[in-house]
Protein chains: 2
Amino acid sequence: MSLQYAVLGVLEARPMTGYELTQFFESTARWVWTAPQSQIYPLLTKMAAEGLIAGEEQVRGSRLKRTSYSITDSGLAELRRWLAEPHAEPNVRDAFLLQTLFLDMIPPEEAEAVLRAHVAEIRDRREQWAAHRARLAAADTPLIQERLHRRDPADHARIVNLKTHVFDYLIDSATLRIEWAERAIAIMGVSPAVRH
Amino acid sequence: MSLQYAVLGVLEARPMTGYELTQFFESTARWVWTAPQSQIYPLLTKMAAEGLIAGEEQVRGSRLKRTSYSITDSGLAELRRWLAEPHAEPNVRDAFLLQTLFLDMIPPEEAEAVLRAHVAEIRDRREQWAAHRARLAAADTPLIQERLHRRDPADHARIVNLKTHVFDYLIDSATLRIEWAERAIAIMGVSPAVRH
DNA sequence: CGGGGCATGTAAGGGGTTACATGATTTT
DNA sequence: AAAATCATGTAACCCCTTACATGCCCCG
């Protein structure tokens with residue numbers, strides 16, 4: 001249940017409500033770990049019951065209530081425990097590779113269209129990762145600023161570098177996949193160039 | 001439900017029993033799509049009911065029964081339909097990147113140990129992918145031989161190239177991840193070299 | 001005759017997806 | 001006054017994981 005640790009990691013920066021976490025996991029965090037709203041609320045209830053986070057009810061307007069959750073000492077300890085532990089890699093389950101494996105069973109033009117659609121999608125993702133990487137490198141997101149605020153300034157560069165490095169991986173892996181898919185198109189033998 | 005299409009793709013090479021498919025998805029195919037035995041048998045029953053595959057009961061010895069499943073015309077058509085369709089990329093959910101993102105919260109030595117364990121695991125996987133790639137490139141697995149057998153010899157090179165290309169991706173992505181994790185260790189600032 | 005491989009099932013539980021549902025508050 | 005946004009829930013369903021369960025066949 002990694003989502004739990006993603007939530008703890010986010011709340012380490014500052015307290016948030018379920019709504020804010022939902023926004024976050026459907027927007028920014030989406031690029032490393034996605035979670036829909038229907039997963040967030042039950043998880044917060046469960047984590048609060050376990051004492052990993054503490055919820056404080058706030059009143060907006062006259063009646064509307066919202067709960068702001070902050071990480072507890074116990075939550076921070078549990079996060080640190082998880083972080084220090086190596087975890088087995090999940091099983092490989094890549095639908096796109098599976099599809100490519102059998103692409104010789106359909107006409108080359110159709111196979112090429114599938115590969116091109118994939119390239120377009122990965123290009124989009126890469127752009128968004130690159131944009132976020134730039135914002136992180138400049139320490140220009142609200143969350144990173146609040147996070148750095150309570151850390152030793154001597155460590156700021158190291159923390160920012162580590163986070164941008166994660167996005168570097170996402171960007172580089174997208175590039176690898178794009179170039180790989182383009183070579184796959186050549187192998188399919190549609191392009192006259194490779195037919196020589 | 002990609003497992004269904006993985007099964008169809010395998011059965012296109014030759015008919016197999018549930019047991020053989022289980023072996024296959026826990027060994028060779030494991031490197032692209034894993035599936036445990038408990039998923040295979042119910043799926044085969046379901047697919048046979050839908051007419052995508054046809055099961056033929058065989059008798060081994062006096063009483064032991066086993067069912068050999070072959071792909072039907074309808075199954076082949078469904079596989080081709082799926083292959084020609086572009087599929088949306090799944091949401092990103094990478095527990096290791098998540099862990100790395102927060103690795104500044106634990107002592108550098110512990111963080112380094114986590115990264116090194118990861119590198120070791122990916123190295124193992126890369127070796128096995130490379131071994132399988134070599135076997136594929138030489139058309140030296142039983143399945144690829146049976147698959148090629150019923151295809152136009154003019155297409156053999158293209159089919160083998162496409163399959164080895166898939167394993168090239170797995171190998172290259174492992175290399176990327178290893179190098180990335182090693183740079184992450186440098187960023188953690190444990191090694192005196194980077195501290196200058 | 002015992003152990004390992006062949007062969008097929010099922011059951012419980014976790015996590016994720018999609019969709020439905022409700023109501024208050026703020027903005028236009 | 002309507003529309004957008006804030007805010008929180010729930011329910012059904014699918015896929016996957018782990019584990020338990022059963023029995024036959026073949027080889028040594």
Side-chain angles (χ1 to χ4, degrees), chain A residues 1-8 15-27 29-50 53 55-69 82 87-95 98, chain B residues 1-8 15-27 29-50 53 55-69 82 87-95 98:
Chain A
M1 212 202 323
S2 297
L3 177 56
Q4 173 171 324
Y5 298 99
V7 167
L8 288 173
M16 283 196 192
T17 65
Y19 187 76
E20 283 175 300
L21 284 164
T22 296
Q23 301 290 93
F24 189 70
F25 278 96
E26 283 174 355
S27 63
R30 195 178 186 286
W31 308 118
V32 174
W33 199 277
T34 323
Q37 174 257 17
S38 62
Q39 253 190 301
I40 301 289
Y41 287 99
L43 179 62
L44 289 174
T45 309
K46 189 196 135 235
M47 287 170 72
E50 285 167 2
I53 56 177
E56 193 198 347
E57 283 213 348
Q58 300 175 337
V59 179
R60 303 226 328 167
S62 53
R63 245 161 306 183
L64 186 59
K65 265 179 256 171
R66 59 180 212 158
T67 312
S68 185
Y69 292 96
W82 182 80
H87 301 101
E89 275 289 280
N91 292 326
V92 183
R93 213 169 266 121
D94 190 319
L98 185 66
Chain B
M1 211 201 322
S2 297
L3 177 57
Q4 172 171 326
Y5 298 99
V7 168
L8 288 173
M16 284 196 190
T17 66
Y19 187 75
E20 283 175 299
L21 283 163
T22 297
Q23 300 291 92
F24 189 70
F25 278 97
E26 281 173 357
S27 62
R30 195 179 186 285
W31 307 118
V32 174
W33 198 277
T34 322
Q37 174 258 15
S38 63
Q39 251 188 303
I40 301 287
Y41 286 100
L43 179 62
L44 290 174
T45 309
K46 191 197 133 233
M47 285 169 73
E50 286 168 1
I53 57 176
E56 194 197 347
E57 283 214 346
Q58 299 176 337
V59 180
R60 304 231 320 172
S62 52
R63 246 162 307 182
L64 185 57
K65 265 178 259 172
R66 58 178 211 160
T67 311
S68 185
Y69 292 96
W82 182 80
H87 303 101
E89 276 290 282
N91 292 325
V92 184
R93 211 171 270 117
D94 190 319
L98 186 65

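Worth saying up front: this structure is predicted, and the values here are computed from it rather than measured. Lettering follows sequence order; numbering is per chain, from 1.
Regarding A:Phe25, its CZ atom lies at a distance of 11 Å from the P atom of C:dG16, rounded to whole Å. When rounded to the nearest whole Å, the span between CD of A:Gln23 and C1' of D:dT5 equals 9 Å. B:Met16 places its CE atom 17 Å from the C1' atom of C:dT8, with the value rounded to the nearest Å. The CG atom of A:Leu21 sits 12 Å away from the P atom of D:dA7 (whole-angstrom rounding). Summarising the geometry, the separation between CD on A:Glu26 and P on D:dA7 is reported as 15 Å, rounded to the nearest angstrom. At whole-Å resolution of the value, CD in B:Glu89 and P in C:dT17 are 14 Å apart. Here C:dC6 presents its C1' atom at 9 Å from CZ of B:Arg66, a figure rounded to the nearest Å. Between the CG atom of B:Leu43 and the P atom of C:dG9 there is a distance of 12 Å, rounded to whole Å.
Closest approach to the B:Tyr19 side chain among D:dT18, C:dG5, D:dT8 is made by C:dG5 (side chain taken as heavy atoms from C-beta onward). Ranking D:dT8, C:dT17, D:dC16 by closeness to the B:Leu3 side chain, first place goes to D:dC16.
When the side-chain contact (heavy atoms from CB on, under 4.5 Å) test is applied to B:Glu20, the partners found at least two apart in sequence or on another chain are B:Arg14, B:Met16, B:Thr17. Listed by chain and number, the residues in a side chain to side chain donor-acceptor pair (under 3.5 Å) with B:Lys46 are B:Gln4 (sequence neighbours excluded). Qualifying side chain to side chain donor-acceptor pair (under 3.5 Å) partners for B:Arg66, counting only residues two or more places apart in sequence or in other chains: B:Gln58. Listed by chain and residue number, nothing satisfies the side-chain contact (heavy atoms from CB on, under 4.5 Å) test with B:Pro90 (two or more places apart in sequence, or in another chain).
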Validation: residues 30-44 of chain B side-chain donor-acceptor distances under 3.5 Å, sequence neighbours left out:
unit_1: B:Thr34; atom_1: OG1; unit_2: A:Val92; atom_2: O; d: 3.3
unit_1: B:Thr34; atom_1: OG1; unit_2: B:Arg30; atom_2: O; d: 3.4
unit_1: B:Tyr41; atom_1: OH; unit_2: B:Tyr19; atom_2: N; d: 3.1

Summarise how protein sits on nucleotides 10-15 of chain D as a single string, 5' to 3': B when a protein heavy atom is under 4.0 Å from the base, S for sugar-phosphate-only contact, - for no contact.
BB---S
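Between B:Asn91 and B:Lys65, the one whose closest nucleotide on DNA chain C sits nearer the 5' end is B:Lys65.
Counting only heavy atoms from C-beta outward, the side chains of A:Leu3 and A:Phe25 approach each other to under 4.5 Å.
Taking each heavy atom of B:Ser2 and B:Trp82 in turn, the nearest pair found is OG-CZ2, 4.2 Å.
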